[in-house]
Structure formats: structure tokens, C-alpha cells
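Data block below; observations after.
The figures here come from the full heavy-atom set of this structure, side chains too, leaving out hydrogens, waters and symmetry mates.
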Amino acid sequence: SSASKQPDAAIHRDAPADVGEVIDGPVDSAIDAPPDAPPDAPMGVGSHHHYVVNNMTWPETSNDARAYAFDVDGNGTLDNQLGEVIASLFGAGFDIQTPTDQALARGTSITLADLQTTDLTNATGAAFTLFVGTNANPTPCNGAGDVVCGHHLTGTASFDAAATPRDTPIVGTVVNGVYTAGPGHLTVPLYVVGPMPASITLLAAHAKLSPSATGIMQGTIGGAISQADIDSKIYPAMQQGFTTLIAKDCSTLANPPTCGCTPNSPGARLISLFDTTPDCAISLTEVKNNSLIMALFATDVTVENQPALSVGFAFTAVDATFTP
């Protein structure tokens, strides 16, 4: 938070392997470069401003997708293929925004942001990174009867920053109150289906935001999702989410093909779309081999010498207290 600053110096600390953040070890380790960065990677300077993300906004239109896009592969054009897909699905009634809002309010997923800079108006060498948040105080919800929640998103809460993942902060500039940086790595939650997000490390990550001492009024983050993360994280998250919805909407899972699903329910539609066996269940193979899914998650850029799917979204954040 604005109240918890680090000295104005190029101080950083060791991080676990493959996750070099600006912090997580004794100050006298500042001579060590983060494990996932080149030895001469630039590090941020200045005070640390801490925030918690209180809103993530996914594109609802093609104009939104373009507004949240970055040139992630450096070819001079804006990239946000997944944003375009999400916008198209939104127009068809597929809602990724509501589960995102619910997960943020209930603390299912907490994303902390750290901006290190000498000045919030104009500065060079400003570093930005994200952490997974834990142990929110106050707790997100006041008991099971609290249907609103979000008590940790008022700008006065404290958190712990999880030890992993840790990415090397991306370093950029603040010009007239707008911070821009990239490319680098940022780990973000992606809500595909169900309440639990997939934790995705964006390659060629970029950030643009308007910071203040008490919050980030608006910002955008973009980058690319590797094919490996699509296969190992997004598809399994989808399969788990589908399984949860089917269990909720379908009562006789031993009786294909209808499986006792409530007509026109999400579970019934999923059985119809994915259960090719049929056995009233959706396997990971059925998800990966579905022609619609393959089209939706087709890679569109090459970054860091691998095929990837571009993505971009908007966010806001409020003041928070955490260490580092």
C-alpha cells in the first residue's frame, strides 16, 4: 500500500526458481539476478505501491477486444484473439464475466499488484508485477449468508503474497500519470468455466495503467498463452468445470444419452456438445478433441519461439497492504 514503502533504491530480493519477483528474501541478496531473467535484466527503482485487483473486465464487443489489445509479437498489429473469441461468445450468451466477478468478490481468487516507482506521475525504471493473494483481512464474506461479499476489496485490507508463482517484474516508464511496460511475464487468473480459475503465465506480457497512491483507476494487461498452458491448464480447468455443471444439472448419470439432465440446462447442453462416448461424463480427451474448442483456442501468434494465443483484458485495483 501507499503506507508500506521500500527505500528509494534498486533493492530486490531472491525469488524461488523460475519466478523472480522484486522481492522475497533478505535485502543483502540484491546482487543476485532473478532466476528467470537474464543476468543483466533491468530492475525497478523507487517505492513499492501495493494494490489488490477488485475488477477484471473481459471484452463484450470487438471494440473492447481491440481496446484491451497489445502488439505482443512485435509485428506492428494489435493482438487479442482470445478477447475476440470471448466477445463473440458473450454475444451468443456465454458469460465469462459473472463467474469472474463472483470469484473476485468471494476471494476464490485474489490478485495482488506491486508497482515500484520513484514517482507516480513521471518516472523511468518503474517495475510492475502480480502476486497470488492469500489470508485476506477482513475476510471476503461475512459467513455463508453473505451473498455480496467483497469486504477485502475496499482499499483497507491486508494480505499475504503467495510464495509462488513469482515472475520477474516488467520494467517500464510512467509518463503523465500513465505507466506502460513490457514485454515480460505476468501470471493471471483465467476463468474459463466454474468457480476456480486457471493460473496462466502470460508470455510477452504488457501492462498499461494509471496508478495513484490509493489505487489503479484503470488498466489493461495483455500477453499470450502458450500452447502448453492451454493443454495443461485451460483444458483441465474446463473439464473440471463441465463436470461440476453436469453433476448439478443431471440426476441420472448412469443413463445416457439424456443422463437425467434438466432440459436446456447448462449440463444438458454440455452433454449434447461434448459427450461423444456417450457415458454422461466429459473426459479431458473429449474437451481437447472438440472442434469448437480447438477453433476457440487456436493459437494466433508466435512468442518466445512457441505458438501462443493472444489475450487482453481491463482491470481496476484498490490500495492494499502486503509484504513484499
Sub-4.5 Å side-chain heavy-atom contact between I216 and L115: no
T243 side chain to Q239 backbone, donor-acceptor under 3.5 Å: yes
Any donor-acceptor N/O pair, S109 side chain to A103 backbone, under 3.5 Å: no
Q240 CD to L284 CG distance, which is reported to the nearest 0.5 Å: 9.0 Å
Nearest non-hydrogen partners of P140 and D146, listed with the distance: O-OD2, 4.4 Å
SG atoms of C259 and C280 less than 2.5 angstrom apart: yes
Check: Q97/T57 side-chain N/O donor and acceptor closer than 3.5 Å: no
Cluster overlap M56 with V85, hydrophobic side-chain contacts below 4.5 Å: yes
Shortest non-hydrogen separation from S212 to Y51 and the atoms involved: O-OH, 2.7 Å
Any side-chain donor near an acceptor of the partner, T173 and T124, under 3.5 Å: no
Joint cluster assignment, F131 & F159, ILVMFWY side-chain distance < 4.5 Å: yes
Working for side chain to side chain contact (heavy atoms under 4.5 Å, CB included), residues V52 and F322: CA-CA 10 Å; V52 58; F322 60 88; over 6 Å; no
Verify same cluster id: L78, L186 (apolar side-chain graph, 4.5 Å): no
Close side-chain approach of S199 and T187, heavy atoms under 4.5 Å: yes
D114 side, atom CG; T129 side, atom OG1 - distance, nearest 0.5 Å: 7.0 Å
Step-by-step side-chain hydrogen bond (donor to acceptor under 3.5 Å, both in side chains) determination, N54 to T316: CA-CA 6 Å; N54 67 337; T316 61; 2.6 Å; yes
Polar contact flag, side-chain donor to acceptor under 3.5 angstrom, T299-Q227: no
Working for side chain to side chain contact (heavy atoms under 4.5 Å, CB included), residues E286 and D275: CA-CA 7 Å; E286 286 173 320; D275 187 18; 3.7 Å; yes
Atom pair CD (Q306) and CG (L203), whose distance is rounded to the nearest 0.5 Å: 5.0 Å
Rounded distance (nearest 0.5 Å) linking atom CD1 of I221 with atom NZ of K208: 14.0 Å
Separation between OG of S291 and CG of L273, rounded to the nearest 0.5 Å: 9.5 Å
Aromatic ring pairing H50/H48, orientation class (parallel under 30°, perpendicular over 60°, tilted between): tilted
Candidate pair W58 and L190, rule side chain to side chain contact (heavy atoms under 4.5 Å, CB included), full reasoning: CA-CA 10 Å; W58 295 103; L190 181 62; 3.4 Å; yes
Residue pair T262 / D249, side-chain donor-acceptor N/O under 3.5 Å: no
Under 3.5 Å side-chain donor-acceptor pair for T61 and N63: no
Joint cluster assignment, V311 & Y68, ILVMFWY side-chain distance < 4.5 Å: no
Aromatic ring pairing F70/H206, orientation class (parallel under 30°, perpendicular over 60°, tilted between): parallel
Side-chain heavy atoms of Y179 within contact of T117, under 4.5 Å: no
Over all atoms of both residues, closest heavy-atom pair of V301 and A224: CG2-CB, 4.0 Å
Parallel, tilted or perpendicular: ring planes of F297 versus Y235, cut at 30 and 60 degrees: perpendicular
V188 reachable from V303 in the ILVMFWY side-chain graph, under 4.5 Å edges: no
Non-hydrogen side-chain atoms of C141 and R106 separated by less than 4.5 Å: yes
Rounded distance (nearest 0.5 Å) linking atom NZ of K288 with atom OG of S283: 10.0 Å
Beyond-backbone contact of F128 with P211, side-chain heavy atoms, under 4.5 angstrom: no
Which atom of A65 lies closest to which atom of N80, heavy atoms considered: O-ND2, 2.9 Å
Minimum heavy-atom distance between H152 and A105, given as atom pair plus value: CE1-O, 3.3 Å
Any I271 side-chain heavy atom under 4.5 Å of P257 side chain: no
P59 versus I86, closest heavy-atom pair with distance: O-CG2, 3.7 Å
Side chain to side chain contact (heavy atoms under 4.5 Å, CB included) between N122 and V175, intermediate numbers included: CA-CA 5 Å; N122 292 285; V175 178; 4.2 Å; yes
Heavy-atom side-chain proximity of I225 to L202 below 4.5 angstrom: yes
N75 CG: over 12 foreign heavy atoms closer than 6.0 Å: yes
Flag side-chain contact, heavy atom, 4.5 Å: D79 against D71: yes
